[in-house]
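All of these numbers come straight from a predicted model, not from anything done at the bench. Counting starts at 1 for both ligands and their atoms, following the listed order.
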Amino acid sequence: MSAVNITENFQKVTSSIPEHVTLVAVSKTKPNELIQEAYDFGHRDFGENKVQDLTAKAEVLPQDIRWHFIGHLQTNKVKYLTPFVYLIHSVDSEKLLREIDKRARNNGRVQKVLIQGAISSEETKFGWKLEELSTFLLSGVWQELANVEIVGLMGMASNSGDTDLVRSEFRRLRDFRDEHQSEGLELNTLSMGMSGDHPLAIEECSNMVRIGSTLFGPRNY
Ligand SMILES: *Cc1c(COP(=O)(O)O)cnc(C)c1O
């Protein structure tokens, strides 16, 4: 038995979020045994933020797991993910999007992706600046990329106890989504919210939450 009670934690979290919200269990730094326990509980969506960890885990864990890549992605590592990964949450540049398209084409797949929008006032280095993203989306250039499907947006709010600030950051992404939603570009997935802030994110229309420590216990790096 592990020190964390996986079944209890998953029961608690799944019963606390609405049914239309997809729970991505962030298993980064956690051993395969804990992921297997969650799998045996019935969970299938897991998130990792390092390419090497994700591919190593995918190799030995059940094949029907839906793997979500949630970390910063370097273009030279895209090729390790596109053969099988379910959803890449963290596309932050046109260059990266084009590389995913190219590699997915080689794999004979259409890769589902989210664009990570920069919404946090603290961590401006993460994500695509919304003004630039707007220009890109309105340009329609993404239509040429037949092997990527942009299904929505991802955002990380400031790591702050200021709930007004956090809420306004989530709302900014949601408003951006609503403004850029169109026929041919259906940004239906809003991946927002982690252990500390997912209730706020869900209030701001998140329908995919990425939760790690509440499910698997704190991480020791
Ligand atoms: C680690 C991580 C999470 C989960 O964080 P917790 O606070 O443990 O729930 C969510 N999203 C991203 C991008 C992460 O890197």
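Ligand-side atoms of ligand 1 in range of R210: 4 (C), 9 (O), 10 (C), 11 (N), 12 (C), 13 (C), range being under 4.0 angstrom from any heavy atom. In the vicinity of G212, heavy-atom distances shorter than 4.0 Å reach the ligand 1 atoms 4 (C), 6 (P), 8 (O), 9 (O).
Around atom 1 (C) of ligand 1, the closest heavy atom drawn from K50, Q116, K28, M156 belongs to K28. Among G71, G193, S195, the residue whose heavy atom sits closest to atom 6 (P) of ligand 1 is S195. Across the listed options V26, I70, T29, I70 owns the non-hydrogen atom lying nearest to atom 13 (C) of ligand 1.
Contacts of S90 classified as side-chain contact (heavy atoms from CB on, under 4.5 Å), with partners at least two apart in sequence or in another chain: F69, I88, Q116. F10 pairs by the ring-ring contact (aromatic ring centres under 6.0 Å, His included) definition with F41, H43, F216, not counting sequence neighbours.
Annotation: G196 places no N or O atom under 3.5 Å from an N or O atom of ligand 1; distance criterion only.
Across every non-hydrogen atom of Q63 and A58, the tightest pair is NE2-O, 3.7 Å.
More than 12 heavy atoms of other shown residues, nucleotides or ligands fall within 6.0 angstrom of atom CD in E144.
At distances below 3.5 Å, at least one donor-acceptor pair connects side-chain atoms of E169 with backbone N or O atoms of S121. Side chain of R210 to backbone of I70: no donor-acceptor contact under 3.5 angstrom is found.
Ligand 1 has at least one atom lying under 4.0 Å from a heavy atom of I211. Using 4.0 Å as the threshold, H198 has no heavy atom nearer than that to any atom of ligand 1.
With a 4.0 Å heavy-atom cut-off, ligand 1 is reached by no atom of H89.
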